[in-house]
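Everything below concerns the one structure shown next.
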Amino acid sequence: MTPDLLSSRKVQTLLHKLILGLTVAVLLMSSACNLPVRKPAATPTTPPAVSIPTPTVVAKPLPAAVVETAPLPNGDLAADNAVTVYFNQPMERASVEGALRTEPALAGRFEWPDDATMRFVPDQPLPPGTTLTVSFEKSATTENGLGMPDPVSFQFQTAPYLSVTERLPRPESTEVDPASAVVAAFNLPVVPLGQTSSGPQAFTIMPAVEGRGEWLNTSTYIFYPVPALQGGVTYTVSINPDLTGQSGSPLTSDASPNWAFTTALPRIVNLEPESGSQIGLDDSITVTFNQVVDPASVESAFAFGAPGGANLAGEFTWADDGASVTFQPDERLARTTTYNLNLSTGAAGLGGTPISDALQATFFSVPNFDLVSTTPAQNENLRLYSGYGNLSIEFT
């Protein structure tokens with residue numbers, strides 16, 4: 001083989017390898033283009049803030065309106081009969097004052113604590129028990145010129161006349177306990193709350209009575225007789241004509257608020273044991289009265305003993321109500337003996353009135369121990385029933 005031919009074949013071999021290498025490279029590049037590409041993970045980011053525009057709200061002016069009154073509608077007026085009206089916004093004062101109407105027609109002054117609050121104070125007080133109507137025409141306007149859609153009207157009342165609603169003891173009652181308190185209750189507050197101790201005297205009592213009076217509350221006056229009223233006496237209670245209610249209402253003149261009642265005379269209503277009873281050697285005696293009595297006068301007027309003998313000493317025990325006393329002799333009574341009890345009219349009620357009737361009672365003590373009877377009697381047959389019988393023995 002010649003050198004030229006050898007060189008030619010080397011060149012062909014090299015070209016063949018070069019072409020084969022280029023073909024493989026193209027195929028590889030083509031395959032690589034068709035492979036999926038893996039992208040790196042995205043880093044989270046905060047979205048930008050979105051600015052939302054605030055809508056502009058244009059408030060529509062409101063018409064004039066009354067939102068509240070003082071006092072409330074259908075309420076009682078104060079002592080000066082003033083009415084306060086609260087509007088929903090500042091008002092044009094002159095238009096409000098010109099729109100006001102009252103029934104009955106009243107002259108008065110206007111007060112403005114602020115532009116939305118008007119107070120009307122009548123020049124003259126209204127009579128008690130009067131209905132006042134307060135109205136506003138549509139001509140009342142706000143500061144910005146808006147009027148009222150419709151007229152408005154409110155009603156109020158003045159306080160009624162002061163009157164007595166409760167009287168104790170009851171008018172014309174009799175047999176009243178002299179220790180009873182005298183009470184007058186009114187339909188309206190008379191004294192301010194918290195000042196009941198310094199209020200005026202609500203009434204006087206004739207005949208005159210010692211004691212103390214006070215206001216239990218703003219409308220109730222009570223008088224406590226000290227130590228008590230007299231028994232068997234008619235008392236007249238006269239209401240103070242100068243009393244007025246806190247609202248200024250005077251005392252009514254339609255009917256007389258005065259009244260009268262009669263107290264009970266002190267008397268004995270019970271004796272235990274009863275007169276004529278047999279009593280034990282250690283028994284006590286209890287006397288009950290119809291009212292509280294004076295203990296010292298009763299004990300001084302009390303006498304208990306055998307006829308012709310000395311009065312027995314003993315201990316007096318009084319009940320909590322002061323109307324009952326129990327006498328316990330210091331020594332045992334003698335057997336088969338008569339005992340007399342005397343309570344003279346020196347005993348008196350707490351107000352000093354003597355008891356209406358003296359007390360005289362007789363008691364018999366138990367006899368000596370003895371046999372009284374048997375059943376059956378001596379020498380009588382004992383009756384048997386189915387082989388059983390009864391024998392009763394009575395002792396003194």
Side-chain angles (χ1 to χ4, degrees), residues 175 177-179 227-228 231-232 263-385 388-396:
E175 294 296 307
D177 187 345
T263 55
L265 283 169
R267 64 178 183 275
I268 297 169
V269 295
N270 190 52
L271 175 64
E272 189 178 349
E274 295 180 355
S275 179
S277 300
Q278 185 181 88
I279 57 176
L281 305 184
D282 296 316
D283 283 356
S284 59
I285 297 172
T286 299
V287 182
T288 302
F289 302 86
N290 67 330
Q291 59 188 260
V292 182
V293 292
D294 175 49
S297 67
V298 172
E299 294 177 14
S300 297
F302 192 97
F304 180 77
N311 292 328
L312 300 182
E315 180 181 359
F316 294 93
T317 302
W318 287 89
D320 293 339
D321 61 3
S324 179
V325 62
T326 297
F327 174 76
Q328 179 66 58
D330 288 341
E331 58 186 55
R332 289 167 58 89
L333 303 182
R335 294 180 181 273
T336 317
T337 303
T338 300
Y339 286 93
N340 293 328
L341 168 63
N342 293 287
L343 187 62
S344 72
T345 54
L350 199 58
T353 303
I355 59 175
S356 55
D357 298 299
L359 171 66
Q360 292 183 344
T362 301
F363 304 97
F364 307 98
S365 64
V366 294
N368 292 322
F369 182 73
D370 201 355
L371 176 65
V372 176
S373 63
T374 62
T375 303
Q378 185 176 4
N379 297 321
E380 288 186 355
N381 294 327
L382 179 64
R383 296 183 178 183
L384 300 179
Y385 300 91
Y388 293 91
N390 291 320
L391 172 65
S392 297
I393 303 174
E394 181 182 356
F395 299 94
T396 55

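The chain is numbered in sequence order, starting from 1.
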How far apart are the closest heavy atoms of [X] and [Y], and which atoms are they?
X	Y	value
N311	A303	ND2-CB, 3.6 Å
G231	P266	CA-CD, 4.3 Å
A264	P178	O-CG, 3.8 Å
S275	A361	OG-CA, 3.4 Å
P227	L350	CG-O, 3.4 Å
P354	T345	CB-O, 3.2 Å

Q: Could I get the full list of salt bridge (Lys or Arg N to Asp or Glu O under 4.0 Å) partners for D320, not counting sequence neighbours?
A: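 Counting only residues at least two positions away or on another chain, D320 forms no salt bridge (Lys or Arg N to Asp or Glu O under 4.0 Å).
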How long is the gap from [atom1] on [X] to [atom2] on [Y], to the nearest 0.5 Å?
X	Y	atom1	atom2	value
N270	N290	CG	CG	12.0 Å
T362	Y339	OG1	OH	13.0 Å
F327	S284	CZ	OG	10.0 Å
Q360	S344	CD	OG	10.5 Å
T336	Q278	OG1	CD	8.5 Å
E299	L343	CD	CG	11.0 Å

Q: Before giving the answer on side-chain contact (heavy atoms from CB on, under 4.5 Å), spell out for D283 and L333 the whole-Å C-alpha distance, their side-chain angles and the decisive distance to 0.1 Å.
A: CA-CA 9 Å; D283 283 356; L333 303 182; 5.8 Å; no
Q.
Within the 4.5 Å heavy-atom criterion, are N381 and P376 side-chain neighbours or not?
A.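 Side chain of N381 against side chain of P376, heavy atoms only: no contact under 4.5 Å found.
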Q.
Do F363 and I285 make a side-chain contact, defined as non-hydrogen atoms from C-beta onward lying under 4.5 Å apart?
A.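 They are in contact (side-chain heavy atoms under 4.5 Å apart), so the answer is yes.
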I'd like to know whether [atom1] of [X] has more than 12 heavy-atom contacts from other residues, nucleotides or ligands below 6.0 angstrom.
X	atom1	answer
E272	CD	no
E380	CD	yes
D330	CG	yes
D282	CG	yes

Q) Hey, mind stepping through D357 and I268 against side-chain contact (heavy atoms from CB on, under 4.5 Å) and telling me if it holds? A) CA-CA 8 Å; D357 298 299; I268 297 169; over 6 Å; no
Q: Look at the aromatic rings of F289 and W318 and report parallel, tilted or perpendicular, splitting at 30° and 60°.
A: parallel
Q) Aromatic rings F395 and F369: how do their planes relate, parallel, tilted or perpendicular, breaks at 30° and 60°? A) parallel
Within the side chain of [X], is there an N or O that forms a donor-acceptor pair under 3.5 Å with the backbone of [Y]?
X	Y	result
T337	R335	yes
S365	A334	yes
S356	L265	no
T326	T286	no
S277	I279	no
D177	Q291	no
S392	T374	no

Q: Apply the test side-chain contact (heavy atoms from CB on, under 4.5 Å) to residues T317 and Q328: give CA-CA distance (whole Å), side-chain angles for both, the deciding distance (0.1 Å), then the verdict.
A: CA-CA 8 Å; T317 302; Q328 179 66 58; over 6 Å; no
Q. Can F302 and V287 be said to form a side-chain contact (heavy atoms from CB on, under 4.5 Å), step by step?
A. CA-CA 10 Å; F302 192 97; V287 182; 4.2 Å; yes
